[in-house]
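Just so it is clear, the structure is predicted and the values come from calculations on it, not from any experiment. In this chain, numbering begins with 1 at the start of the sequence shown. Every number for a ligand or one of its atoms is a count from 1 in the order of the listing.
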Amino acid sequence: MSECLFCRIAAGEIPATLVAENDQAIAFQDVNPQAPVHVLVIPRAHHSDVSEMVAADPLLAGQVLALAAEVAEQEGLADGYRLVFNTGAKAGQSVFHAHAHVMGGRDLTWPPG
Ligand code: 5GP
Ligand code: ZN
């Protein structure tokens, strides 16, 4: 059994609220939402962060982005949303399985903290 939390969610071993999926990626609700819409999009395969995923499998990265855009449309975020890959502990990454945060449904300030 994998020790990676998001691999376990992808395998169905830990429950999550699924929002969308494609062959290579899944999208589910963040357990601690920071906006009215806060969905995580992950590759089914394990990659530690977005840089490692792009280097190892750029087509997979495209699948993750495609699903993120689909989630934004499905969740009614046509007027604006933020797509964030926290990469490395210094940037706030806490789960080391690549994931995009799709956030929206409120005004989002810039720059982020
Ligand atoms: P990071 O800080 O790595 O960019 O983002 C990790 C995200 O995963 C956080 O927003 C956190 O709320 C979310 N998260 C952590 N554990 C779980 C979990 O067990 N289930 C779900 N759905 N989200 C989680
Ligand atoms: Zn993993």
Side-chain angles (χ1 to χ4, degrees):
M1 189 182 289
S2 173
E3 287 179 13
C4 170
L5 174 65
F6 287 176
C7 280
R8 296 188 68 187
I9 287 177
E13 293 167 7
I14 292 176
T17 304
L18 197 68
V19 171
E21 61 184 321
N22 64 24
D23 281 354
Q24 296 183 61
I26 66 169
F28 53 92
Q29 303 285 0
D30 194 295
V31 77
N32 182 24
Q34 302 300 312
V37 175
H38 189 170
V39 174
L40 301 174
V41 182
I42 70 168
R44 295 182 190 275
H46 182 86
H47 294 282
S48 58
D49 61 33
V50 67
S51 295
E52 194 262 307
M53 174 173 63
V54 168
D57 192 345
L59 294 179
L60 175 60
Q63 290 283 316
V64 171
L65 289 178
L67 190 61
E70 197 178 307
V71 166
E73 187 179 343
Q74 181 181 311
E75 297 293 316
L77 302 182
D79 59 341
Y81 66 94
R82 190 162 291 163
L83 189 58
V84 175
F85 287 89
N86 293 326
T87 306
K90 196 170 180 180
Q93 186 176 4
S94 60
V95 178
F96 288 83
H97 178 130
H99 54 279
H101 297 255
V102 181
M103 305 174 74
R106 64 169 170 82
D107 289 344
L108 298 167
T109 59
W110 192 263

The answer, listing residues by chain and number that come under 4.0 Å of ligand 1 through any heavy atom, is Leu5, Phe6, Ile9, Phe28, Gln29, Asp30, Val31, Asn32, Leu40, Asn86, Gly92, Gln93, Ser94, Val95, His99, His101
Tell me if the CD atom of Glu73 is crowded by more than 12 foreign heavy atoms within 6.0 Å.
no
Could you tell me if the ring centre of His101 sits under 6.0 Å from that of His99?
yes
Would you mind listing the cluster partners of Ile14? Hydrophobic ones only (ILVMFWY), side-chain contacts under 4.5 Å, chaining allowed.
Leu5, Phe6, Ile9, Leu18, Ile26, Phe28, Leu40, Ile42, Val95
Strictly distance-based, threshold 3.5 Å: is any side-chain N or O of Gln74 a donor or acceptor partner for the main-chain N or O of Val19?
yes
Taking C-beta and beyond as the side chain, do His97 and Pro43 meet within less than 4.5 Å on heavy atoms?
yes
Can you find a pair of side-chain heavy atoms, one from Met103 and one from Val37, that are under 4.5 Å apart?
no
Round to 10° and report the angle made at the Zn ion (ligand 2) by ND1 of His97 and SG of Cys4.
110°
With the Zn ion (ligand 2) as the apex, the ND1/SG angle for His46 and Cys7 - to 10°:
110°
So which heavy atom on Ala61 is nearest to which on Val54, and how close?
CB-CG2, 3.8 Å
